[in-house]
Amino acid sequence: MSADYFAPFATVKYEGPDSTNDLAYRWYDKDRLVMGKRMEDHLRFAVCMWHSFCWPGSDVFGAGTFSRPWHAGPNDRVRAAQKREAALAFVEKLDLPFYCFHDVDVMADAETIGEFRQSFAEAVDHLEELQGKHGRRLLWGTANLFGHPRYMAGAATNPDPEVFAWAASQVRDALEATHRLGGANYVLWGGREGYDSILNTEIGVEQRNFGRFLNLVVDHKHRIGFTGTILIEPKPHEPTKHQYDFDTQTVYAFLKRFGLENEVKVNIEANHATLSGHTFEHEIAMARALGILGSIDANRGDPQNGWDTDQFPNSVEELTLAMLEVLRAGGLGNGGFNFDAKVRRQSIDAADLFHGHIGGVDTIARALLRAAAIIEDGQLERFRVDRYAGWQGELGRMIHADGTSLAQVADHAVAANHEPEARSGRQEWCENLINRF
Ligand code: XUL
Ligand code: CO
């Protein structure tokens with residue numbers, strides 16, 4: 001039985017930085033108060049089903065390398081149930097509060113739309129029971145609108161409205177399941193919403209349909225009384241060459257165009273941020289500035305590879321900068337840190353799943369401690385506030401006052417008749433300061 005798969009492992013506990021136990025947390029001390037809030041409540045960690053329980057360790061060159069019991073044969077009702085049981089037991093062993101899934105991650109394979117709905121409904125009943133048994137919660141649910149061949153040309157942006165309707169069926173069921181399971185958010189990653197060749201693509205039609213789909217989803221959320229947040233997960237390329245939800249700013253423009261900027265936020269993934277040519281912290285800071293920071297998919301890419309390698313986070317340096325932005329935003333609200341990360345293909349043991357997650361948890365926990373110390377120290381924050389202080393003064397207020405014209409602002413410069421005083425941006429001072437923590 002899959003429940004036994006993790007039987008040799010004890011529940012992972014905080015043992016502090018001097019622990020010699022590989023299966024302990026050194027920095028994640030869930031009840032420790034950081035800036036007045038428990039670490040567990042700051043971070044709201046989640047384990048994802050797809051990488052850690054569904055992916056068999058295959059790549060484009062070779063077959064699955066993992067021999068988890070539920071991979072030994074077709075994904076039927078018995079094996080799907082084993083997988084669900086193992087997943088929730090694992091999250092409990094890690095003592096993390098949340099998990100995340102796509103519909104197809106948790107259910108048996110199905111042929112027809114009727115079987116699909118039936119199989120998913122059965123899975124949701126079981127998940128409800130398992131959440132109670134293992135004391136775990138759902139950070140977010142989603143529908144997989146990219147894996148099946150019917151979605152090869154997109155889901156909401158497919159040239160065929162019949163495919164759009166199939167996607168609507170999956171999202172209706174996944175959204176209602178998320179609601180029933182008490183999920184905190186619902187995610188839409190636009191898997192194949194984009195295109196490979198402009199020769200066969202009508203961007204205008206696809207964008208309009210994409211906006212229509214999102215409006216229908218938001219409307220349904222309100223009809224069923226789901227109070228969680230709908231999140232879009234930006235990604236610039238892969239699988240399609242041009243993904244429509246390129247990055248946070250692109251998503252914001254899309255939301256504005258379709259009147260949804262107060263309804264939908266973003267789920268920012270570290271590896272997607274770097275694929276778009278941004279840093280992870282840039283994407284978080286942008287979402288904060290636009291008021292749409294929702295949740296985070298924690299992982300990392302490989303600086304030498306241009307694709308989505310989805311490795312577990314392991315750089316405290318990098319995560320500190322991301323965590324500074326999260327703290328400046330006042331936290332993630334009902335979002336959290338979901339490990340959208342997978343162990344490497346040669347990491348075939350159950351222990352490797354623990355090492356991946358423990359390393360990610362400790363990296364992020366340590367980054368939280370550093371970021372909080374930087375904020376509490378106050379020097380960096382004071383420097384930034386001071387740099388923009390002019391905007392609180394007379395000229396700053398005049399520029400923003402209703403009725404001020406370009407000519408009035410221009411006349412200020414003419415009347416002042418002097419070069420503005422140059423001030424250092426002190427980048428190296430800032431970098432040195434960060435390194436002291
Ligand atoms: C794909 C990805 C997805 C989403 C959920 O790159 O990140 O797993 O997080 O569909
Ligand atoms: Co993701």
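Only a predicted model underlies this, so the values are computations on that prediction, with no experimental measurement involved. Counting starts at 1 for both ligands and their atoms, in listed order.
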(request) Would you check ligand 1 and list the protein residues that come within less than 4.0 Å of it by any heavy atom, ordered by chain and number? (result) Trp50, His102, Trp140, Trp189, Glu233, Lys235, Glu269, His272, Asp297, Asp308, Asp340
(message) As a test of understanding, state which of Phe9, Phe312, Tyr28, Tyr25 forms a ring-ring contact (aromatic ring centres under 6.0 Å, His included) with His357.
(response) Phe312
(message) Applying side-chain hydrogen bond (donor to acceptor under 3.5 Å, both in side chains), can you list everything that pairs with Asn200, at least two apart in sequence or on another chain?
(response) none
(message) Would you say Glu176 and His220 are linked by a side-chain donor-acceptor pair, where the criterion is simply a distance under 3.5 Å?
(response) yes
(message) Can you list everything that forms a side-chain hydrogen bond (donor to acceptor under 3.5 Å, both in side chains) with Asp349? Sequence neighbours excluded, please.
(response) none
(request) Could you point out which residue of Lys37, Arg38, Arg44 forms a salt bridge (Lys or Arg N to Asp or Glu O under 4.0 Å) with Glu40? (result) Arg38
(message) Can you tell me which residue among His134, Arg137, Gln131, Arg136 is in a side-chain hydrogen bond (donor to acceptor under 3.5 Å, both in side chains) with Tyr99?
(response) Gln131
(request) Provide the closest heavy-atom pair for Ala156 versus Asn209 in the form atom of the first, atom of the second, distance. (result) O-CB, 3.3 Å
(request) Please state whether the rings of His179 and Phe226 are parallel, tilted or perpendicular, taking 30° and 60° as the class boundaries. (result) perpendicular
(message) Taking 2.8 Å as the limit, list every protein N, O or S atom around the Co ion (ligand 2), by chain and residue number.
(response) Glu233 OE2, Glu269 OE1, Asp297 OD2, Asp340 OD2
(request) Describe, in one word, how the ring planes of Phe90 and Phe354 are oriented to each other, choosing from parallel (under 30°), tilted (30 to 60°) and perpendicular (over 60°). (result) perpendicular
